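Presented below is the structure to which this report refers.
Predicted model only: the values in this text are computed from it and were never measured.
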Amino acid sequence: MSGSIERTQHSGRSEPPGRGERLADWADSRVGLRQIAKANLRKIFPDHWSFMLGEICLYSFIVLILTGIYLTLFFEPSGAEVVYHGSYAPLNGVRMTRAYESTVDISMDVRGGLLIRQIHHWAALVFVAGMLLHMMRVFFTGAFRKPREVNWLLGWTLLMLALITGLTGYSLPDDLLSGTGIRFAQGAILSVPVVGTYLSFFLFGGEFPGHDIIERLYPVHVLLLPGIMLGLVVAHLILVFYHKHTQFAGPGRTEKNVVGAPFMPIYMAKAGGMFFLVFGVLSVMGAIASINPVWLMGPYRPDYVSTGAQPDWYLGFSEGLIRVMPGWEINAWGHTLQLGVFIPFSLFPLIMMLIAVYPFIEAWVTGDRDEHHIAERPRNAPTRTALGAAWLALYAVLLIGGGNDLWATRFHLSINSITWFVRIAFFLAPVVAFVVTRRFCQGLQLRDRELALHGRESGTLKRLPHGEFVEVHEPLTQAQLHKLTAHEQPRPFELGPLVDANGVVRKVKRSDRLRARLAHAMYGPGSQVPKVTVEEYKALDGGDQHH
């Protein structure tokens, strides 16, 4: 007994360790949890509302997995034909596939099935929308720059896989709407020269619609793509944790530190609250907003096409390309090339690929090899911001093209007029958006320059000894000045003299010529307003500050 008391007193404890502490000690002795927690639980995360866009993506993905697991318990991915005799009377006696029948059963007979289905579908839409907004935030603030180029590629890959996963999941119920979407995809596949027919027969197991497509899409949708995406999400989060979030310029914020809240307990509390908020909003949307009512569409039949057959919004971009493309075709060597489908079918991944490699293009043009942890204000990179606005304008135009029949019926317009509008706007809208956005950014830069030099207008008038009235400007604080002048303005790459002092023409590589042209367009004279220098501010500070 005395030995036990001595051990307790020696350890400085009045009672033995609890079960949780013993479990923590057991785990720490085997995997070193204490060192991991010590290194990471107090990690600092900057606090800005736009960083929550990535959180929305993550939480929507979690909801997708949870609801998807529930749906797999009741969905039967079979193309076998049956005759429906269920609780939904309007479909009784109708021939359909077992996949469609099980979807109707989930919606009508499974407790909570319709709610889970609709939460799953809404979560998919929010997931893709969140990723698009998150990538826009990263793009417009330059958060893709070194050392985060790999994370940009991971995010881009996640977006592309989400589009494919959405297409496969959209097609599983085998209703008239999703079947029309599959037929659209099959037509695009057939347009591939030489191998298109073979690809179609391989995927569908024979002549369209075949009997194997649902069985093949099901493991791809519920196992293969989610597994890859889960691995990419984990890798993405590890890199975010390793590189830390970018932060906007402000007092005490440099490229070598982070100002914000610790991971535990503040950030985790915010993240937990955000998860339940996202889950709650998705639940409310699933409960009160009907989406994809398959029982109204009816089962898919190859000889039927539903009125207003539209894909989910994130696929409207690709469908708009095909809908407004002229029906060009070439007959050569006994083969017909459907250029009216193949060109837009190829253009969509090409545009997306340009988005993927943009960080490397910008780094090559600027010659920038430094690490960047300070996020830029979009106005301080006018050309980049204008390029992003041009892409969004193109997306919006093609989204109109993807729903040209709905626009025509809802607004009593000619579908031919809408199609020609989209064809013209495809080339014109991005250019207009680019010019307007860049000018708008330059105007904001000019406003910031005047504000940094002269201060903020106070509304107070002062009469000078010689009778002149001037408005007194309030000087900005050092923090405000830092926010307006902390950004970098790279100088454009120059080729230098093409002829040396001895009159010998210097050879210049084509890549250097292209780099010089791009650098001049992106960062040359007229592309941005020079920010205030220290010399300009000091020279003005020594003079009259009133106006």
Side-chain angles (χ1 to χ4, degrees), residues 63-65 67-88 90-92 94-125 127-128 162-186 203-205 208-226 285-286 289-316 319:
V63 173
L64 274 171
I65 292 177
T67 54
I69 291 174
Y70 183 85
L71 293 175
T72 57
L73 301 177
F74 304 98
F75 180 75
E76 185 174 336
S78 173
E81 289 192 347
V82 297
V83 177
Y84 181 77
H85 296 289
S87 59
Y88 187 63
L91 288 177
N92 278 333
V94 177
R95 186 175 297 275
M96 60 186 64
T97 61
R98 184 69 187 99
Y100 180 75
E101 184 186 38
S102 64
T103 305
V104 175
D105 289 341
I106 291 173
S107 304
M108 298 297 172
D109 301 319
V110 175
R111 187 178 297 275
L114 179 58
L115 176 64
I116 298 299
R117 264 197 66 232
Q118 299 205 145
I119 292 177
H120 188 76
H121 202 143
W122 279 119
L125 298 181
F127 177 53
V128 179
L163 299 181
I164 301 173
T165 307
L167 176 62
T168 56
Y170 169 87
S171 305
L172 285 178
D174 199 35
D175 62 297
L176 188 56
L177 185 62
S178 65
T180 304
I182 292 183
R183 185 158 200 165
F184 178 88
Q186 189 251 1
L203 292 175
F204 290 89
F208 180 85
H211 299 284
D212 301 331
I213 186 64
I214 296 177
E215 290 88 341
R216 292 177 177 180
L217 289 180
Y218 183 72
V220 171
H221 178 73
V222 304
L223 184 62
L224 178 61
L225 294 178
M285 294 171 66
S290 177
I291 186 171
N292 196 20
V294 295
W295 56 91
L296 297 179
M297 301 294 178
Y300 176 67
R301 285 181 50 177
D303 55 335
Y304 283 0
V305 175
S306 61
T307 302
Q310 302 294 317
D312 286 329
W313 67 269
Y314 49 83
L315 293 174
E319 181 158 344

Closest contact, heavy atoms only, Leu167 versus Tyr314: N-OH, 4.5 Å

Decide yes or no for Val82 and Met96: does some side-chain heavy atom of the first lie under 4.5 Å from some side-chain heavy atom of the second? yes

To check you understand the geometry: which heavy-atom pair defines the closest contact between Glu101 and Val83, and what is its length? OE2-O, 4.3 Å

OG-CG distance between Ser102 and Leu71, expressed to the nearest 0.5 angstrom: 10.0 Å

Ser171 OG to Ile214 CD1 distance, which is reported to the nearest 0.5 Å: 9.0 Å

So which atom in Ser107 and which in Leu114 form the shortest heavy-atom distance, rounded to 0.1 Å? O-CB, 3.5 Å

What pair of heavy atoms forms the shortest contact from Pro173 to Ser178, and how long is it? C-OG, 4.2 Å

Side chain of Gln118, backbone of Met285: donor and acceptor closer than 3.5 Å? no

Pairwise side-chain contact, Val128 with Trp313, heavy-atom cut-off 4.5 Å (strictly under): yes

Val63 and Trp122, any side-chain heavy atoms less than 4.5 Å apart: no

Residue pairs passing the side-chain hydrogen bond (donor to acceptor under 3.5 Å, both in side chains) test where at least one lies in residues 75-86, sequence neighbours excluded: Glu76-Arg98

Can you find a pair of side-chain heavy atoms, one from Val110 and one from Tyr70, that are under 4.5 Å apart? yes

State the CH2-CE distance between Trp295 and Met297, to the nearest 0.5 angstrom. 10.0 Å

Output the distance between atom CG (Leu224) and atom OG1 (Thr165), rounded to the nearest 0.5 Å. 8.5 Å

Which pair of non-hydrogen atoms, one from Leu225 and one from Thr168, has the smallest distance, and what is that distance? CD1-OG1, 4.3 Å

Straight-line distance of Ile182 CD1 to Leu177 CG, nearest 0.5 Å: 10.5 Å

Give a yes or no answer on whether the side chain of Arg117 reaches the backbone of Asn292 with a donor-acceptor pair at less than 3.5 Å. yes

Please check this pair: side chain of Asn92 against backbone of Gly86, looking for a donor-acceptor N/O pair closer than 3.5 Å. yes

Please lay out, stage by stage, how Thr72 and Tyr218 fare under the test side-chain contact (heavy atoms from CB on, under 4.5 Å). CA-CA 10 Å; Thr72 57; Tyr218 183 72; 3.5 Å; yes

Side chain of Tyr100, backbone of Val294: donor and acceptor closer than 3.5 Å? yes

Inter-residue atom distance Leu172.CG - Glu215.CD, 0.5 Å rounding: 10.0 Å

Give the minimum heavy-atom separation between Gly79 and Thr97, together with the two atoms involved. O-CG2, 3.7 Å

Taking the side chain as every heavy atom from C-beta outward, state whether His221 and Leu217 have any pair of such atoms under 4.5 Å apart. no

